Structure formats: C-alpha cells, structure tokens
Amino acid sequence: DTGVSQDPRHKITKRGQNVTFRCDPISEHNRLYWYRQTLGQGPEFLTYFQNEAQLEKSRLLSDRFSAERPKGSFSTLEIQRTEQGDSAMYLCASSLARGSTYEQYFGPGTRLTVT
Amino acid sequence: GIQVEQSPPDLILQEGANSTLRCNFSDSVNNLQWFHQNPWGQLINLFYIPSGTKQNGRLSATTVATERYSLLYISSSQTTDSGVYFCAVPRRSSGSARQLTFGSGTQLTVLP
C-alpha cells in the first residue's frame with residue numbers, strides 16, 4: 001500500500017493556459033474524489049468517481065473543469081483557460097467501500113498558482 | 001447541506017501541554033474523520049470515528065453522534081503536532097458518494 005500519489009506537486013501557469021493534474025489512488029480503491037482547498041479553508045468537494053463512472057459533480061466544477069478516470073484506475077483533472085481564482089491546492093482522495101465504512105485517504109495535493 | 005464548525009480556530013500551546021479540539025455538526029452522521037494537515041499540505045488520517053472513543057498514542061477522539069459533536073484530545077503536545085486539524089463528515093445524499101464536508105479547521109501551534 002503506497003498511498004495516494006499526485007503529480008505534479010506544484011504547478012505555476014499563466015492565466016489562460018490549460019493544466020492537467022494526475023492522481024493515482026490506493027490500489028483496489030474503487031472510489032476516487034477530487035477536492036479543492038484555498039488558503040485558510042477546509043477542502044471542498046469537486047467530483048467523485050466510482051470505478052470509471054463520474055457519478056457526482058459539485059457546482060464548484062465549472063465547465064472549464066473536466067475529470068476522467070479511464071479504466072477505473074488513475075484520474076486526471078484538467079482546467080482549461082485558467083483564471084487567477086483557480087489558484088488553490090487540488091487534493092485527490094480514494095476509498096474502498098466496505099460495508100458502511102468509507103474512510104477516505106488523501107494524496108499530497110497539487111498546488112496550482114495562476115499568474 | 002450539513003454544517004461543520006470547529007473550535008477554537010487558533011490554539012497556541014507550550015510543549016507538554018494538553019488540549020481539546022471540538023467539532024460540531026448540524027445533522028446526524030454515520031461517520032466522522034479527523035485529519036492533521038502538516039505544513040506541506042498533506043492530510044494525515046488520525047481517526048475514523050462514527051461514535052465512541054478511540055485512542056492512538058497521545059491522541060484520542062470521542063464522538064457523541066446523538067449530540068452531534070466530536071472531540072480530539074492531544075496530550076503532552078510536541079512541536080511536531082503543529083499544523084491544522086480538520087474534522088470532516090459525509091454529506092447525506094440519495095447517492096453513494098459520501099463526499100466529505102470539512103470544518104474550517106483549528107490551527108495549532110506548539111512552542112518549544
């Protein structure tokens with residue numbers, strides 16, 4: 001069990017550019033979540049996958065954001081035409097549904113700075 | 001949606017002191033997680049505690065689900081305990097997502 005990994009750890013981009021982040025969940029975890037955290041706040045839910053199906057999206061996820069989880073393994077989060085307000089920490093989490101247990105484990109995050 | 005409130009927002013302790021962090025939530029829940037976010041941003045799982053009391057070394061947690069609160073106890077604090085402590089509960093929904101709603105955290109600073 002190597003934990004949830006995310007890449008890159010840091011990304012600096014200019015406004016208007018597209019960026020893509022990757023998340024590798026704990027192996028055999030069928031649930032994968034993306035959250036966003038801004039300075040001084042707790043993480044906020046963006047979207048959720050069960051296996052390869054994207055089952056829920058937050059209203060925070062504007063049409064500039066898209067997420068995929070091909071083959072139900074790793075996931076990517078793409079932001080098109082980045083804006084300064086997109087600057088945040090993007091966190092990925094995974095869990096394995098077992099009975100009523102849904103404990104989530106988080107990756108180290110990708111810190112995005114839009115200049 | 002469910003509201004999660006944490007107190008105090010900030011806490012400064014001398015090394016060796018004990019502390020209690022509180023998490024109140026506005027609706028009944030069937031699980032609750034406590035996390036420690038280190039200075040690099042990593043969220044570290046401390047407890048998964050839907051109800052009752054659990055202990056792990058110098059840390060312990062108690063959740064009283066019927067009264068909608070949870071407490072995190074830190075004893076004999078160390079400088080490495082510094083960081084932000086979050087509690088998080090799943091949002092009730094007809095689906096199965098169980099995405100977490102986080103409180104705004106308690107910023108703990110332990111001085112040597």
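Source: prediction; values computed, not measured.
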(message) Hydrogens and angles aside, do A:Y35 and A:Q104 bring a side-chain donor and acceptor to less than 3.5 Å of each other?
(response) yes
(message) Given heavy-atom pairs under 4.5 angstrom as the criterion, report whether the side chain, backbone, both or neither of A:F49 touches chain B.
(response) neither
(request) Could you grab the distance from atom CD1 of B:I74 to atom OH of B:Y85, nearest 0.5 Å is fine? (result) 4.0 Å
(request) Would you give the length of the straight line joining atom CD of B:E15 to atom OG of B:S77, rounded to the nearest 0.5 angstrom? (result) 7.0 Å
(message) Taking 4.5 Å as the heavy-atom cut-off, does anything in residues 84-93 of chain A contact chain B, and if so which residues?
(response) A:M89, A:L91
(request) Measure from the side-chain N and O atoms of A:T47 to the backbone N and O of A:E56, and report whether any donor-acceptor pair falls under 3.5 Å. (result) yes
(request) Say whether, by atom type as modelled, one donor and one acceptor occur between the side chain of B:N38 and the main chain of B:W40 under 3.5 angstrom. (result) yes
(request) Could you tell me which of A:Q37, A:R111, A:Q41, A:R9 has the largest number of non-hydrogen atom pairs under 4.5 Å with chain B? (result) A:Q37
(message) ring pair (Phe, Tyr, Trp, His ring centres under 6.0 Å), that's the test. Do A:F106 and B:F35 meet it? Break it down for me.
(response) CA-CA 10 Å; A:F106 283 77; B:F35 297 92; 5.4 Å; yes
(request) Could you tell me which of B:I44, B:L100, B:L43 has the largest number of non-hydrogen atom pairs under 4.5 Å with chain A? (result) B:L100
(request) Return yes if a side-chain donor-acceptor contact under 3.5 Å exists between A:E103 and A:Y105, otherwise no. (result) yes
(message) Give me the atom names and distance for the closest heavy-atom approach of B:P50 to B:A65.
(response) O-CB, 3.9 Å
(message) Donor-acceptor check, side chain of A:H10 to backbone of A:T113, threshold 3.5 angstrom: yes or no?
(response) no
(request) State whether the side chain of B:T63 and the backbone N or O of B:I49 hold a donor-acceptor pair below 3.5 Å, judged by distance alone. (result) yes
(request) Pull out the residues in residues 12-25 of chain A that come under 4.5 Å of chain B, heavy atom to heavy atom, sorted by number. (result) none
(message) Is any side-chain heavy atom of B:R68 closer than 4.5 Å to one of B:I2?
(response) no
(message) Applying a heavy-atom distance below 4.5 Å, give me the residues of residues 103-112 of chain B that approach chain A, sorted by number.
(response) B:G103, B:S104
(message) Between B:Y69 and B:V4, is there shared hydrophobic-cluster membership here, with clusters defined by ILVMFWY side-chain heavy atoms closer than 4.5 Å?
(response) no
(request) List the steps and the verdict of side-chain contact (heavy atoms from CB on, under 4.5 Å) for A:E44 and A:L60. (result) CA-CA 9 Å; A:E44 295 176 290; A:L60 293 176; 3.8 Å; yes
(message) Under a plain distance cut-off of 3.5 Å, with no hydrogens placed, do A:N30 and A:Q50 share a side-chain donor-acceptor pair?
(response) no
(request) Give the minimum heavy-atom separation between B:P8 and B:L11, together with the two atoms involved. (result) CG-CB, 4.2 Å
(request) Determine, step by step, whether B:T101 and B:F25 satisfy the side-chain contact (heavy atoms from CB on, under 4.5 Å) criterion, reporting the C-alpha distance in whole Å, the side-chain angles of both residues, the deciding distance to 0.1 Å, and the verdict. (result) CA-CA 10 Å; B:T101 298; B:F25 39 92; over 6 Å; no
(request) For chain B, find its close neighbours in residues 73-80 of chain A: heavy-atom separation under 4.5 Å, sorted by number, or none. (result) none
(message) Can you confirm if the NZ or CZ of A:R31 lies within 45° of the ring axis of A:Y48 and under 6.0 Å from the centre of its six-membered ring?
(response) no
(message) Heavy-atom cut-off 4.5 Å, strictly under: side chain, backbone, both or neither for B:Q6 against chain A?
(response) neither
(message) Could you check whether any side-chain N or O of B:K54 sits under 3.5 Å from a backbone N or O of B:Y48, counting only pairs where one atom can act as donor and the other as acceptor?
(response) yes
